[in-house]
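The next block holds one structure in the form of structure tokens; read it before the comments.
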Amino acid sequence: MERKNEKNEDKGKGGNKLSLPDKPDALVQDERVPNFSLLPKTVKRRVYALKRLQLQSANMEAKFYEEVHELERKYAALYKPIFDKRRVIVTGAVEPTDEECEWQSDREDEELAEDLQKKAALEEKQADSASAVDPKGIPEFWLTIFKHVDILSEMLQEHDEPILKHLQDITVKFSEPGQPMSFTLEFRFEHNSYFSNTVLTKVYKMKSEPDAADPFSFEGPEIVDCEGCKIDWHKGKDVTVKVIKKKQKHKGRGTIRTVSKEISQDSFFNFFNPVKATPDGVDEDLDFTLATDFETGHFFRERIIPRAVLYFTGEALEDDESFEEEDLEEEEDLDEEGEEEDEGDVGPMTDPPPEECKQQ
């Protein structure tokens, strides 16, 4: 789990009990209960006792998430053979057997009307004849996913697409036992003309312990930092920069020369060169950029990697949209209820409702 060295000495590791200070910061914060100061002293003492119990609960919850991380690491090893098989099918290294290719939709096709079956067979034959060469594996598997998912397509630029056609796999690796909590995204590329790396990595460092200054805000592990990797671009292939040419005039001689200058440009591959938080933490734009980066890392880990084929087909997108629609409907219902309450505060209507509004 993520802990700074100086905190390890104070809080211990593993099953060591977290020692509580004589008067935790959380107990001396301004109370939010109206007229809390007017409560009898004996009642306030009991409230403080409950807050100490809540502090113990928060630290217990942190331990719970530490064990969850260990469980994720264990199951990552169990998932690995499945994802390895996915990779070799996507890349065309292995051709799945007829049995492995059986799917429910094949049986559903048998139930179609005869004319529809003939039409489907004709279209399939035309598609096969259009491509004389059988494609290897599943072409542009990951690039298609990038295009389907909004959070990724917003990062994707046209000059990124030829490179992402060489992307063979994306995997996640969890930190080892006893190490600070983190996870690493690994992007595996086949040999290409853009860079010499075969694997690009992005490490997300996490923390799972209550903040001493505000322990009751703890809601589980949070990403606190991330580190990318150096991309060894081939000459002239770096898509994160573009070269512009400017003319300069010599002040004395009046001669003109043309100079080239590199400036940064938008690219998905800037993902591997993340910005760093400022020590004072007052830059709102930077905070937003970091929050978006952390959200993207979580999305790769929790959604894209385990459900890649469903994002390729678009089925996972339909599920995501369904959740968004349900949330929106609930918000609309709440708004309507709020409007009704507001109208009720005004008083009864003095004018009769229009004819079309009367119940039939």
Side-chain angles (χ1 to χ4, degrees), residues 72-114 116-149 152-153 156 160-174 183-202 234 268-269 299-320:
E72 284 183 311
R73 189 178 59 81
K74 171 187 173 182
Y75 272 85
L78 300 177
Y79 283 126
K80 188 177 183 302
I82 299 174
F83 294 154
D84 286 347
K85 186 64 178 289
R86 179 178 71 186
R87 184 189 71 252
V88 295
I89 292 176
V90 167
T91 60
V94 169
E95 183 64 29
T97 64
D98 291 342
E99 182 180 358
E100 291 173 329
C101 294
E102 287 184 1
W103 189 247
Q104 182 179 356
S105 61
D106 293 340
R107 292 191 293 273
E108 291 174 350
D109 289 342
E110 295 174 0
E111 300 174 0
L112 292 174
E114 185 177 351
L116 292 179
Q117 291 187 37
K118 291 179 180 179
K119 181 180 178 181
L122 178 60
E123 291 177 350
E124 184 177 354
K125 185 177 180 180
Q126 291 174 344
D128 290 342
S129 60
S131 58
V133 180
D134 184 20
K136 183 180 179 181
I138 304 178
E140 302 182 13
F141 179 79
W142 292 102
L143 175 57
T144 301
I145 293 173
F146 271 64
K147 291 180 177 180
H148 282 172
V149 179
L152 302 182
S153 63
L156 185 65
D160 296 326
E161 295 187 16
I163 308 175
L164 289 172
K165 290 180 181 180
H166 297 282
L167 180 57
Q168 295 184 313
D169 200 14
I170 307 175
T171 58
V172 59
K173 181 185 294 183
F174 295 95
F183 66 91
T184 302
L185 300 176
E186 297 184 343
F187 296 73
R188 299 184 177 276
F189 288 83
E190 64 181 350
H191 177 75
N192 61 81
S193 61
Y194 295 93
F195 46 73
S196 59
N197 311 67
T198 56
V199 180
L200 301 181
T201 60
K202 182 79 169 282
H234 294 310
F268 165 74
F269 291 90
F299 201 82
F300 270 118
R301 166 191 167 181
E302 297 176 355
R303 307 285 291 177
I304 298 295
I305 292 174
R307 309 181 71 202
V309 67
L310 301 182
Y311 282 99
F312 177 80
T313 61
E315 294 165 85
L317 299 173
E318 296 173 1
D319 292 341
D320 292 343

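Worth knowing before you read on, the calculation uses all heavy atoms, side chains too, and leaves out hydrogens, waters and symmetry mates.
Expressed to the nearest 0.5 Å, how far CD of Glu190 lies from NZ of Lys165 amounts to 11.5 Å. In this structure, CG in Leu152 is found 5.5 Å from CD1 in Ile304, a value given to the nearest 0.5 Å. Taken from NE2 in His148 to CG in Leu310, the straight-line distance is 12.5 Å, to the nearest 0.5 Å.
Nearest heavy atoms, Thr313 versus Glu315: OG1-OE2, 2.7 Å. Shortest non-hydrogen contact noted between His166 and His191 is ND1-O, 4.0 Å. Closest heavy-atom contact between Thr171 and Ile305: C-CD1, 3.6 Å. Residues Leu156 and Leu143 come closest through the heavy atom pair CD2-CD1, 4.1 Å. Here the closest non-hydrogen pair linking His234 and Ser196 is NE2-N, 3.9 Å. Closest heavy-atom contact between Ser153 and Lys147: CB-O, 3.8 Å.
Of the possible donor and acceptor atoms, one in the side chain of Asn192 sits under 3.5 Å from a partner among the backbone N and O of Phe195.
Applying the ring-ring contact (aromatic ring centres under 6.0 Å, His included) test to Tyr75 and every residue at least two apart in sequence or in another chain returns nothing. In terms of the side-chain contact (heavy atoms from CB on, under 4.5 Å) criterion, residue partners of Leu167 (sequence neighbours excluded) are, by chain and number, Trp142, Phe146, Leu164, Ile170, Phe187, Phe189. Tyr194 meets the ring-ring contact (aromatic ring centres under 6.0 Å, His included) test with no other residue; sequence neighbours excluded. Considering only residues two or more places apart in sequence or on other chains, Thr91 meets the side-chain contact (heavy atoms from CB on, under 4.5 Å) condition with Arg87, Ala93, Gln168. In this structure Glu302 satisfies the salt bridge (Lys or Arg N to Asp or Glu O under 4.0 Å) test with no other residue, sequence neighbours excluded. Looking at residues two or more places apart in sequence or on another chain, you find a salt bridge (Lys or Arg N to Asp or Glu O under 4.0 Å) between Arg73 and Glu70.
Looking at heavy atoms from C-beta onward, Glu186 lies out of side-chain contact with Asp169 at the 4.5 angstrom threshold. In this structure, the side chains of Ile163 and Phe268 stay at 4.5 Å or more apart for every pair of heavy atoms.
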